[in-house]
Amino acid sequence: MAEQFKTPMLDELEKGPWPSFISGFKRLRDDHPDKRINETANSLLGQLEHSYETRKGYWKGGTVSVFGYGSGIIPRFSEVADTFVASKEFHTVRVQPPAGNHYTTDMLRTLCDSWEKYGSGLITFHGQTGNIMFIGVDTENTQKFFDEINEYGWDLGGAGPCVRTGMSCMGAARCEMSCADEQQIHLRLMNNFTDDVHRPALPYKFKFKVSGCGNDCQNAIERSDMAILGTWRDDMKVNQTEVKNYINKKSRQYVIDNVTTRCPTNALTLNDDDTLTVDNKNCVRCMHCLNVMNKALSPGDDKGVTICIGGKRTLKIGDLMGTVVIPFKKLETEEDYESLVEFAEDIIDFWAENGLEHERTGEMIERIGIANFLDAIGVEVDPNMINHPRQSSYVRLDEWDAEAQKWFERKKAA
Amino acid sequence: MAEQFKTPMLDELEKGPWPSFISGFKRLRDDHPDKRINETANSLLGQLEHSYETRKGYWKGGTVSVFGYGSGIIPRFSEVADTFVASKEFHTVRVQPPAGNHYTTDMLRTLCDSWEKYGSGLITFHGQTGNIMFIGVDTENTQKFFDEINEYGWDLGGAGPCVRTGMSCMGAARCEMSCADEQQIHLRLMNNFTDDVHRPALPYKFKFKVSGCGNDCQNAIERSDMAILGTWRDDMKVNQTEVKNYINKKSRQYVIDNVTTRCPTNALTLNDDDTLTVDNKNCVRCMHCLNVMNKALSPGDDKGVTICIGGKRTLKIGDLMGTVVIPFKKLETEEDYESLVEFAEDIIDFWAENGLEHERTGEMIERIGIANFLDAIGVEVDPNMINHPRQSSYVRLDEWDAEAQKWFERKKAA
Amino acid sequence: MSENTKPRSPTESGCPDGFQYMHPLMRKNYGNWDHHDHPRPGVLKHVSKDGEPIWTVKCATQRILDTFSLRTLCDIGDNFADGHVHFTMRSNIEYMVADEAKVQPLIEEIEKNGFIVGGTAASVSSISHTQGWLHCDIPGTDASGVVKSMMDELIDEFKNHNMPNRVHITTSCCQINCGGQGDIAINVQHTKPPKIDHDLVGNACERPSVVARCPVAAIRPAVVNGKPSLEVDEKKCICCGACFPPCPPMQINDAEHTKLAIWVGGNHSNARSKPTFQKLVAAGIPNNPPRWPEATAIVKKILKCYKEDGRPWERMNDWIERIGWPAFFEQTGLPFTKFHLDNWRGARNSLNASNHVRF
Amino acid sequence: MSENTKPRSPTESGCPDGFQYMHPLMRKNYGNWDHHDHPRPGVLKHVSKDGEPIWTVKCATQRILDTFSLRTLCDIGDNFADGHVHFTMRSNIEYMVADEAKVQPLIEEIEKNGFIVGGTAASVSSISHTQGWLHCDIPGTDASGVVKSMMDELIDEFKNHNMPNRVHITTSCCQINCGGQGDIAINVQHTKPPKIDHDLVGNACERPSVVARCPVAAIRPAVVNGKPSLEVDEKKCICCGACFPPCPPMQINDAEHTKLAIWVGGNHSNARSKPTFQKLVAAGIPNNPPRWPEATAIVKKILKCYKEDGRPWERMNDWIERIGWPAFFEQTGLPFTKFHLDNWRGARNSLNASNHVRF
Ligand code: SRM
Ligand code: SRM
Ligand code: SRM
Ligand code: SRM
Ligand code: SF4
Ligand code: SF4
Ligand code: SF4
Ligand code: SF4
Ligand code: SF4
Ligand code: SF4
Ligand code: SF4
Ligand code: SF4
């Protein structure tokens with residue numbers, strides 16, 4: 001190996017009990033049988049130490065992709081490759097994980113094998129959009145690595161203005177709160193848009209995230225253009241025996257202070273006989289009481305999803321949360337799932353045609369107004385979409401009567 | 001009298017139990033000894049009936065004032081004076097009421113006498129800004145009427161871009177909630193700005209409103225540029241005997257449902273022994289519990305005011321509530337009151353120089369940002385001014401350290 | 001100007017001191033009150049820290065008083081209330097008496113004279129309102145008429161404490177809304193852009209200041225028929241009528257298209273929650289003199305739901321906050337439309353960014 | 001292209017089905033879980049509706065795994081957890097076992113290998129983070145380094161359930177914030193406008209798209225030294241760095257003026273209140289590798305206050321909501337400045353429009 005770079009600052013990150021990524025890099029530098037990997041790790045450590053010293057990054061972008069795709073690789077070229085030669089091309093391969101991030105150890109080892117053949121030996125489980133990030137491969141090996149893992153079932157995720165890799169929570173696999181088949185929603189949506197994942201041709205990125213309930217363990221509302229959250233619309237299930245058990249264990253006061261008082265809509269009453277009454281009309285499925293008393297309380301049977309559209313972070317009009325566009329949608333039959341996919345298509349199509357360059361769905365909605373957006377995608381308004389009706393009288397009401405009529409007709413039809 | 005106008009539509013407004021303004025007009029038309037008044041009322045009824053028939057107003061503005069003043073009169077000229085001759089000039093004289101709207105019947109009769117000499121006989125107690133509105137006088141008599149009532153102590157209120165008439169609640173005069181001397185605040189402020197009331201020379205209107213407590217019976221926060229609300233900063237007074245009496249009268253459950261549960265900050269605990277504990281650090285002086293149990297609970301002794309700046313209605317950027325600029329100010333000594341008046345002067349001066357034409361204080365603050373406004377008027381920031389700190393990272397922080405230093409120094413000094 | 005016609009210079013006395021007119025018992029106990037209660041609707045009893053009680057009888061007026069009515073009210077004050085009165089900011093008159101025995105006779109005298117006792121505590125107080133066709137130069141309706149028609153039908157709610165908490169209604173006769181916000185507000189809402197009388201613009205208006213007044217920049221200077229005038233981008237115009245006061249040729253009022261709208265939940269008091277703005281619930285309501293039955297019907301329906309479903313001490317906004325907007329529209333039977341979705345500044349805060357949904 | 005170098009066409013298989021890799025007990029009970037509890041920190045016990053239990057042991061990783069570490073984690077999975085693992089969205093690895101007896105040995109094996117068990121329930125879970133100097137082209141700091149330094153000091157909070165509720169921390173290495181919001185977020189905040197390398201602009205950037213990217217329209221095309229370049233209105237510029245990704249010559253990163261800021265109260269779950277955005281509490285924190293002690297000290301201080309003063313089930317935002325922001329600044333000793341006042345869109349909603357004040 002060439003000169004071993006000194007890393008006094010990074011060495012500080014080997015101290016302390018938390019697993020050290022620097023120690024991992026050093027293992028690759030010092031212990032790996034493949035010299036290419038040793039050198040790459042050494043070079044990477046050198047460049048990173050240089051960043052720590054100067055407090056600056058030294059990577060720049062470029063264009064790298066695999067044959068047939070326009071996205072999925074984050075190209076990185078070193079600006080200090082003269083000194084840190086072995087890591088001068090250090091691209092990331094974004095690979096879509098299985099829905100729910102389940103793995104067998106066998107499969108992980110197989111992926112390690114392929115990656116050690118071509119890449120740096122560094123893998124991130126997972127990036128914030130959910131991809132497995134194989135970090136550090138040169139341009140030539142990018143294609144080879146991809147070809148090899150693509151053969152045994154792995155495909156690239158998104159990058160650039162395209163549909164991005166989706167995320168879904170553990171959910172039905174190991175969680176009693178789950179009101180949805182997260183796996184199926186995730187797969188159906190992602191695999192309907194495979195083309196849009198691989199070939200960036202949209203105004204900007206579009207992200208799906210699926211959480212099985214309002215706890216939103218995927219931060220879907222805040223982080224995705226289309227957030228799908230499980231919920232139910234019949235009555236919550238109350239096991240009164242377990243309610244009593246819980247009270248016996250924790251005390252009445254504990255239940256009052258931590259359960260009934262914390263309900264955002266005062267929908268819970270602890271009765272004198274230690275039974276719990278739920279005002280199901282006012283329960284907004286926030287999940288709090290179920291979280292605290294998960295043995296006693298469970299979601300109802302009439303399950304489905306709430307869909308929020310338009311979440312994203314700061315650029316360029318400030319953070320946006322997704323907002324309710326579909327208060328409730330059943331997902332049971334084949335047709336239900338098909339119509340979910342169609343709904344996503346309608347949104348993406350409309351946005352593809354009407355979004356400005358670099359404009360996310362949320363920003364587009366902000367620009368054209370939620371009412372126009374709903375009109376465009378053919379969704380009827382519903383008071384569940386709002387915190388409260390308009391506070392400003394600055395509005396054209398020419399069509400009031402016609403719109404009122406629509407409401408009455410829908411009510412009649414229902 | 002000339003032809004008596006038919007008023008079939010207005011006649012409908014004589015039906016029903018609520019006092020009818022139309023019947024009042026007719027009394028002036030039919031029963032008043034002064035023919036001028038009869039004819040004016042007839043003409044007014046005619047024009048109003050015409051408005052009811054055509055669903056349109058028929059008044060236009062103009063310029064009328066009394067000698068030496070630029071404001072205080074709302075001039076009205078009829079657009080249908082050909083038909084409704086006797087009310088062709090129908091100005092309103094806005095007269096400042098005594099602080100708190102107290103009157104002796106003697107004084108009211110004296111005002112009636114003067115008004116019947118010159119005006120229509122119609123008086124509104126009060127307009128929404130608080131003025132006594134003497135409605136319906138011609139240009140010539142405007143001066144005469146004013147001269148007469150001005151002699152015995154009445155002066156005009158504001159109109160146009162000037163300081164407007166103030167309002168203050170009943171408060172200390174008959175309300176146990178009062179934490180301020182509303183009368184004094186009202187008089188000191190208004191009478192410091194008399195010149196600015198009478199001679200419109202500001203960017204736009206400026207309103208003072210005073211409420212003795214957070215119940216804000218004057219809607220000050222929503223309706224005034226400078227809202228002064230009484231409050232206290234030591235502990236609330238709790239008369240535990242009266243708490244018990246109240247519980248005996250209403251039941252524990254009633255107190256839990258209507259008092260403790262409704263506290264916005266959960267600052268109340270009803271103890272097992274029927275005593276009430278107040279977490280005074282978390283009590284935000286919302287007044288609710290005092291309202292419900294006004295015999296048992298009272299404001300503390302260390303009284304003062306909270307001042308909110310910038311309230312107004314819709315035009316042109318949407319409704320604005322006033323926001324806290326002075327979380328607490330003592331009003332006890334002569335100096336306290338002087339500094340209150342100076343504070344109002346500082347605000348009005350800054351706004352007079354920096355406000356755009358037709359821009360209220362609230363709109364100016366919205367335009368320049370609250371931080372700049374505070375800087376300009378020399379008020380230090382305080383976390384009580386906000387619901388929460390900024391949610392957007394879009395901010396220049398060059399001066400962070402200096403500002404942080406200020407805070408530490410203030411804390412040290414305190 | 002000749003000596004004897006020289007105008008008199010005003011005495012700039014400003015705001016009169018209220019103490020000179022205040023009831024002596026209130027003067028005496030100024031700042032010294034201890035508590036109050038409600039012996040019956042329309043009557044308050046305040047007790048001072050020294051145990052001195054004062055009774056207040058609250059009485060509705062028509063706000064715009066002819067001198068006959070005002071003198072009658074004064075007579076009552078003389079005969080039953082020591083010659084002192086107080087007006088509330090909702091144009092109710094209040095009589096204070098030191099002697100409980102006087103309360104009942106006072107009430108009888110008031111009612112005998114056609115006035116109404118009530119408006120205290122959990123009642124519907126008098127509707128605060130504005131000038132309307134009677135006096136303003138820009139009104140779309142007649143606020144006094146709307147109020148009279150409505151209070152005729154709400155009189156039982158004024159005379160009784162039937163509501164969960166106090167109800168403050170306002171009405172305004174143009175979109176400027178001098179009436180302010182309220183638990184319920186009945187306001188003018190225009191539905192068509194102004195029609196411009198081009199012949200008059202040149203004379204009547206300072207064009208740049210009209211252009212500047214429009215909240216959505218929909219007005220442009222233009223030359224029409226060779227004369228300087230204005231033109232409105234009708235697609236942008238939100239029909240607010242703000243251009244009308246500075247430029248009367250921008251005719252916004254229209255017998256047909258000027259409508260009423262109803263707003264709820266404006267709450268000024270800081271009790272419990274912070275003050276809240278009112279929200280639009282119904283629009284397109286005919287501006288229908290002389291008795292505006294359609295508007296009254298909606299107000300009554302809203303009050304009925306609130307009365308039946310609200311819990312004690314819940315103001316209108318608290319009640320709706322608890323039951324949720326879907327239930328509000330369900331209970332009142334009012335239609336929910338896309339126009340209820342806000343799109344003005346900061347509108348996004350009004351959208352439901354959560355899974356909180358009611359079924 | 002010759003036959004044998006013709007590139008292979010991809011199989012567009014998309015997202016793999018997770019069932020093939022899922023632990024058999026989870027596959028069997030998919031959608032059939034009944035409840036769970038916490039036998040000890042780092043361990044979850046879920047029970048299916050048929051009474052079948054599964055234990056999960058949750059284990060922290062360094063997120064960016066060298067293949068040695070990953071193989072070690074796989075070995076543990078083989079020997080103690082039926083060869084199946086699950087990664088959480090915070091890069092913790094979870095081992096599921098059907099047999100309670102395996103839990104303790106599994107934990108021991110994990111710890112023996114230098115990994116940490118914890119992160120469940122009311123603990124501080126692993127900090128989610130981003131690429132930093134290690135890989136991104138625009139980073140102001142090194143997220144992995146910040147996280148390692150911080151978690152070293154928060155390890156007891158990871159290993160125990162000492163918090164009122166779960167704590168989710170994130171960190172991001174530029175103002176774009178790929179890390180998202182959190183109960184606490186440690187983010188880059190630039191404090192000076194970009195320095196433009198005019199020599200490079202012409203080549204590197206599509207100028208109109210850079211101009212369009214600026215949120216406050218502070219960038220203008222300009223000719224500098226006779227060459228097409230850009231110029232920044234430094235008064236308008238909010239130093240967000242958004243111009244840097246499309247135009248690297250807009251050098252925003254600066255060894256001195258790129259600082260860290262700390263935000264609190266970002267809450268994604270819908271439990272109790274609707275999701276809330278995080279709020280700025282501290283800024284101007286030195287970007288101080290290799291261990292960023294100043295940032296860690298503030299995070300620890302905030303956590304200490306929350307731990308001591310928060311009530312059970314109160315997330316960070318719930319706690320602050322209850323005690324109020326004045327108390328938050330008092331307890332944490334952090335300075336409150338004018339920079340805490342929002343002035344971005346809808347900022348007015350963040351102002352206190354009430355008399356609600358804490359003393
Ligand atoms: C594994 C994971 C989902 C996944 O598929 O990746 C997960 C799993 C569970 N979450 Fe979660 N949550 C996971 C990330 C989240 C996130 C997202 C995040 O971490 O950024 C959130 C929203 C974060 C936010 O609000 O900022 C989240 C908000 C919750 C909540 C709501 C807590 C609250 O009161 O606000 C619950 C309910 C509870 O605590 O009982 C919950 C509960 C749970 C339960 C107890 C559900 C169950 O019955 O199985 C799971 C065990 C958690 C544990 O370790 O104690 N999970 N959970 C994620 C683990 C992350 C980690 O490694 O620590
Ligand atoms: C006389 C008046 C002040 C004045 O100087 O003019 C007044 C007087 C009292 N108000 Fe008021 N309020 C008066 C207008 C208001 C207003 C403004 C308005 O009407 O537009 C408000 C705020 C309105 C809003 O929030 O929209 C107002 C919000 C309150 C509250 C808070 C109610 C709540 O829970 O939100 C109380 C407390 C209570 O009800 O115990 C209150 C309580 C009171 C008390 C009981 C205070 C006291 O101890 O004396 C007074 C007797 C009220 C009664 O008649 O029952 N007063 N009060 C006003 C009477 C108006 C009327 O004729 O009906
Ligand atoms: C008379 C009165 C309504 C009433 O019948 O009670 C009234 C009447 C007018 N108001 Fe008002 N406003 C009246 C209280 C208010 C209030 C309530 C208040 O003061 O608490 C407001 C809302 C609070 C506020 O200041 O925002 C109010 C907000 C306006 C506005 C909008 C101001 C703004 O900044 O948004 C205008 C339009 C303007 O000034 O350009 C306006 C304009 C007008 C004009 C001058 C219309 C015009 O431009 O020609 C009206 C004259 C009517 C007339 O013929 O007398 N009036 N106006 C009230 C004054 C009586 C009095 O002096 O006591
Ligand atoms: C790798 C990753 C951070 C990580 O270490 O985990 C990442 C890294 C980058 N993000 Fe991100 N983002 C990553 C998740 C996110 C997330 C979180 C999420 O998806 O839930 C967000 C916030 C959610 C959202 O979509 O708003 C996010 C919001 C952004 C943005 C702002 C987008 C916006 O509309 O506001 C940009 C800037 C852009 O796209 O122009 C961006 C841009 C970037 C770029 C491509 C910077 C650039 O323009 O060159 C970064 C490449 C770094 C690299 O070298 O790999 N990244 N980025 C995450 C993707 C890994 C993966 O694929 O799994
Ligand atoms: S989002 Fe709900 S269903 Fe999914 S893992 Fe979290 S708690 Fe379970
Ligand atoms: S789920 Fe939430 S809203 Fe529903 S009853 Fe439980 S705590 Fe209340
Ligand atoms: S604002 Fe307060 S002090 Fe004034 S009258 Fe109302 S309740 Fe009394
Ligand atoms: S005044 Fe309001 S905040 Fe204070 S204790 Fe009473 S109810 Fe709570
Ligand atoms: S609301 Fe409009 S029409 Fe009515 S008085 Fe005020 S300005 Fe005139
Ligand atoms: S009505 Fe309002 S929006 Fe329309 S042109 Fe006039 S000022 Fe502009
Ligand atoms: S936060 Fe910024 S620097 Fe960090 S990975 Fe994302 S884009 Fe790159
Ligand atoms: S740093 Fe941000 S605000 Fe400044 S010029 Fe660049 S994009 Fe504009």
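Within every chain, numbering begins at 1; the chains are lettered A, B, ... in the order of the sequence lines, protein sequences first and strands thereafter. This one's a predicted model, so the numbers in the text were calculated from it and none came from an experiment.
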Visitor: Do B:N280 and D:F359 come within less than 4.5 Å of each other through their side chains, counting heavy atoms only?
Guide: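 When only atoms from C-beta onward are counted, D:F359 and B:N280 do not touch, as no gap falls below 4.5 Å.
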Visitor: Report which part of D:Q278 has an atom under 4.5 Å of a heavy atom belonging to chain B: side chain, backbone, both, or neither.
Guide: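 Backbone only.
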Visitor: Non-hydrogen atoms of chain D under 4.5 Å away: do they reach the side chain of B:T323, the backbone, both or neither?
Guide: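 Contact with chain D: backbone and side chain both.
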Visitor: State the NZ-CZ distance between B:K411 and D:F329, to the nearest 0.5 angstrom.
Guide: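 Rounded to the nearest 0.5 Å, the NZ-CZ separation comes out at 11.0 Å.
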Visitor: With the threshold set at 4.0 Å, does a side-chain nitrogen-carboxylate oxygen contact exist between B:K281 and D:E330?
Guide: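 Salt bridge: yes.
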Visitor: Just verifying a value: how many Å separate B:L397 CG and D:C239 SG, rounded to the nearest 0.5 Å?
Guide: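 Atom-to-atom, B:L397:CG and D:C239:SG are 8.0 Å apart.
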Visitor: Which bit of B:C286 comes within less than 4.5 Å of chain D, counting heavy atoms only: side chain, backbone, both or neither?
Guide: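 Contact with chain D involves both backbone and side-chain atoms of B:C286.
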Visitor: Are side-chain heavy atoms of D:V357 and B:D382 found at a separation under 4.5 Å?
Guide: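 No, every pair of side-chain atoms sits at 4.5 Å or beyond.
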Visitor: What distance separates D:I323 CD1 from B:N282 CG, expressed to the nearest 0.5 Å?
Guide: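 So the CD1 of D:I323 and the CG of B:N282 are separated by 7.5 Å.
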Visitor: Please state whether the side chain, the backbone, both or neither of B:F408 comes within less than 4.5 Å of a heavy atom of chain D.
Guide: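 Answer is side chain: those atoms of B:F408 sit under 4.5 Å from chain D.
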Visitor: Check whether D:N343 reaches the backbone of B:G369 with its side chain - one donor and one acceptor, N or O, closer than 3.5 Å.
Guide: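 Pair absent, no side-chain N/O of D:N343 close to backbone of B:G369.
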Visitor: Going from NE2 on B:H388 to CD1 on D:I320, what distance comes out if it is rounded to the nearest 0.5 angstrom?
Guide: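 Rounded to the nearest 0.5 Å, the NE2-CD1 separation comes out at 11.5 Å.
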Visitor: Minimum heavy-atom separation for B:E403 to D:F339, with atom names?
Guide: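 Residues B:E403 and D:F339, closest heavy atoms: CG-CE1, 3.4 Å.
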Visitor: Yes or no on ring-ring contact (aromatic ring centres under 6.0 Å, His included) for B:W400 and D:H340, after CA distance, side-chain angles and deciding distance?
Guide: CA-CA 10 Å; B:W400 175 274; D:H340 290 99; 5.4 Å; yes
Visitor: Take D:W263 and B:S393 through the test side chain to side chain contact (heavy atoms under 4.5 Å, CB included) and record every step on the way to the result.
Guide: CA-CA 10 Å; D:W263 303 70; B:S393 61; 3.6 Å; yes
Visitor: Do D:N355 and B:R285 pass the side chain to side chain contact (heavy atoms under 4.5 Å, CB included) test, and can you show the C-alpha distance, the side-chain angles, and the key distance before you say yes or no?
Guide: CA-CA 7 Å; D:N355 86 325; B:R285 281 62 173 166; 4.3 Å; yes
Visitor: Can you name the closest pair of heavy atoms from D:A353 and B:M321 and give their distance?
Guide: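 Result for this residue pair: CB-CB, 3.4 Å.
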Visitor: Check each atom of D:P326 against the heavy atoms of chain B and say whether the ones under 4.5 Å are side chain, backbone, both or neither.
Guide: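 Both parts, heavy atoms under 4.5 Å.
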Visitor: Taking the side chain as every heavy atom from C-beta outward, state whether D:F336 and B:V381 have any pair of such atoms under 4.5 Å apart.
Guide: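 In contact.
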Visitor: To the nearest 0.5 Å, how far apart are SG in D:C237 and CZ in B:R396?
Guide: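 D:C237 SG to B:R396 CZ: 5.5 Å, rounded to 0.5 Å.
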Visitor: Is B:L320 in contact with chain D via its backbone, its side chain, both, or neither, using a 4.5 Å heavy-atom distance?
Guide: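 When you check distances to chain D, atoms from both the backbone and side chain of B:L320 fall under 4.5 Å.
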Visitor: For the pair D:N352 (side chain) and B:N387 (backbone), establish whether a donor and an acceptor sit closer than 3.5 Å, ignoring hydrogens and angles.
Guide: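 Judged by distance alone, no pair lies under 3.5 Å.
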Visitor: Counting heavy-atom pairs under 4.5 Å to chain B, which of D:A283, D:G324, D:G284, D:C240 comes out on top?
Guide: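 With the most close heavy-atom pairs to chain B, the winner is D:A283.
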Visitor: If you define the side chain from C-beta out and look only at heavy atoms, does anything of B:T306 sit under 4.5 Å from D:H356?
Guide: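 Side chain of B:T306 against side chain of D:H356, heavy atoms only: no contact under 4.5 Å found.
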Visitor: Any non-hydrogen side-chain atom of D:L341 less than 4.5 Å from a side-chain atom of B:R390?
Guide: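 The answer is no; the side chains never approach within 4.5 Å.
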Visitor: Starting from the C-alpha separation in whole Å, work towards a yes-or-no answer on side chain to side chain contact (heavy atoms under 4.5 Å, CB included) for D:R348 and B:I370.
Guide: CA-CA 9 Å; D:R348 182 160 273 269; B:I370 183 87; over 6 Å; no
Visitor: So what's closer than 4.5 Å to chain B heavy atoms on D:N187: side chain, backbone, both or neither?
Guide: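 Contact with chain B: none, neither part.
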Visitor: Set out, in order, the CA-CA distance, both residues' side-chain angles and the distance that settles side chain to side chain contact (heavy atoms under 4.5 Å, CB included) for B:L374 and D:K338, then state yes or no.
Guide: CA-CA 9 Å; B:L374 293 173; D:K338 66 178 183 183; over 6 Å; no
Visitor: Give, as side chain, backbone, both or neither, the part of B:E399 having an atom under 4.5 angstrom from any heavy atom of chain D.
Guide: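 Both backbone and side chain.
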Visitor: With a cut-off of 6.0 Å (strictly less than), are more than 12 heavy atoms of other residues, nucleotides or ligands near CD of D:E321?
Guide: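 No.
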Visitor: Crowded around D:K195 NZ? As in, over 12 foreign heavy atoms under 6.0 Å?
Guide: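 Not buried by this count: 12 neighbours or fewer within 6.0 Å.
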Visitor: Between atom CD1 of B:I386 and atom CG of D:L351, what is the distance when rounded to the nearest 0.5 Å?
Guide: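 Answer for the CD1-CG pair, B:I386 versus D:L351, is 8.5 Å.
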Visitor: Taking non-hydrogen atoms and a cut-off under 4.5 angstrom, which of residues 211-228 of chain B neighbour chain D?
Guide: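 Within residues 211-228 of chain B, the residues that come under 4.5 Å of chain D (heavy atoms only) are B:G214, B:I221.
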